Amino acid sequence: MSARHSEDGGRSLVSAAVLAVLVPVAVGVGIYLFGTHHTPNYDNGLFGEHGTAAVDLKAQLSTALLGLALIQLGLALWMYGRVPGHRPAPRSVPLGHRVLGFVILLLSLPIAYHCLTTYGTETSSPRVAVHSFAGCTLYGAFAAKVIVVRSRCLPRWLLPVVGGLLVLGVALLWYTAALWALNGDSVPGFSSI
């Protein structure tokens with residue numbers, strides 16, 4: 001391999017790494033800044049539901065979203081041969097994984113839009129602060145996953161790390177809001193404030 005080829009490969013890796021960090025951070029910071037500078041509108045609705053009914057609907061949609069994220073995780077583990085006792089995944093599994101990822105993104109958007117425009121980014125309690133910060137970073141993690149999937153320069157171990165962080169983010173968002181709403185405004189580890 002020539003020195004020039006090696007040098008170009010090093011530059012590509014650095015460029016991809018910078019992109020994989022800066023874009024997700026910019027997305028998360030952008031959502032945070034919008035949420036802190038936007039005037040919340042507590043009268044916003046979600047698919048025609050308002051107030052407590054909108055919160056209940058978001059909790060149900062978020063529960064479905066968590067279930068889909070867990071299926072997505074299972075498909076990823078199957079694709080990469082990490083499910084003991086199972087044959088290698090058929091060719092249709094990677095396509096199903098991509099389609100399901102797109103469906104998850106689409107399902108998450110109305111939930112996130114309602115949260116952001118109705119409440120903004122809040123820190124009124126530890127539970128709400130964790131939920132707000134996790135929500136801001138989730139779409140940065142989506143951006144990171146897309147960059148890592150498309151990059152041929154970044155280490156392949158980054159893909160399961162970013163994918164796992166996405167599932168963890170969805171689970172944390174569900175725990176701090178959907179479970180809280182479905183459990184009578186209470187979750188273990190956080191006060192009922």
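No experiment lies behind these values; they were computed from the predicted model shown.
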Undergrad: Has Trp174 got a side-chain atom pairing as donor or acceptor with Ala64's backbone, closer than 3.5 angstrom?
TA: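 Here the side-chain-to-backbone pair does not exist.
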
Undergrad: So, do Leu75 and Ile71 sit near enough that their side-chain heavy atoms are less than 4.5 Å apart?
TA: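 Answer yes - side chains close enough.
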
Undergrad: Report the distance from atom CG of Leu65 to atom CG of Leu107, rounding to the nearest 0.5 Å.
TA: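 With rounding to 0.5 Å, CG (Leu65) is 5.0 Å from CG (Leu107).
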
Undergrad: Please confirm whether the backbone N or O of Phe34 pairs with a side-chain atom of His38, one donor and one acceptor, at under 3.5 Å?
TA: no

Undergrad: Backbone N or O of Ala134 within a donor-acceptor pair of the Thr137 side chain at under 3.5 Å?
TA: yes

Undergrad: Would you say the side-chain atoms of Ser151 pair up with the backbone N or O of Val148, donor to acceptor, closer than 3.5 Å?
TA: no

Undergrad: Flag the pair Thr123 / Phe133 as yes when at least one side-chain heavy-atom distance between them is below 4.5 Å, and no otherwise.
TA: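 Yes - at least one pair of side-chain heavy atoms lies under 4.5 Å apart.
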
Undergrad: Would you say Trp180 and Tyr175 make side-chain contact, with heavy atoms under 4.5 Å?
TA: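 Heavy-atom side-chain distance check fails, nothing below 4.5 Å.
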
Undergrad: Using a cut-off of 6.0 Å, state whether more than 12 heavy atoms not belonging to Phe47 lie near its atom CZ.
TA: no

Undergrad: Considering only heavy atoms from C-beta outward, does the side chain of Thr117 approach that of Asn41 to under 4.5 Å?
TA: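 The answer is no; the side chains never approach within 4.5 Å.
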
Undergrad: Of the non-hydrogen atoms in Trp78 and Arg87, which two are nearest, and what is the gap between them?
TA: NE1-O, 3.0 Å

Undergrad: So, do Thr121 and Cys136 sit near enough that their side-chain heavy atoms are less than 4.5 Å apart?
TA: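 Thr121 vs Cys136: side chains touch.
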
Undergrad: Are Phe102 and Val146 co-members of a hydrophobic cluster defined by side-chain heavy atoms under 4.5 Å apart?
TA: no

Undergrad: Between Tyr119 and Ser132, is there a side-chain heavy-atom distance shorter than 4.5 Å?
TA: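 A side-chain contact is absent here, since even the closest heavy-atom pair is not under 4.5 Å.
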
Undergrad: Identify the two heavy atoms, one from Leu159 and one from Lys145, that lie closest to each other, and give their separation to 0.1 Å.
TA: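 So the two residues come closest at CD1-CE, 3.9 Å.
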
Undergrad: Testing Leu168, Val170, Thr176 one by one against Leu172 for a side-chain contact (heavy atoms from CB on, under 4.5 Å), which residue passes?
TA: Thr176

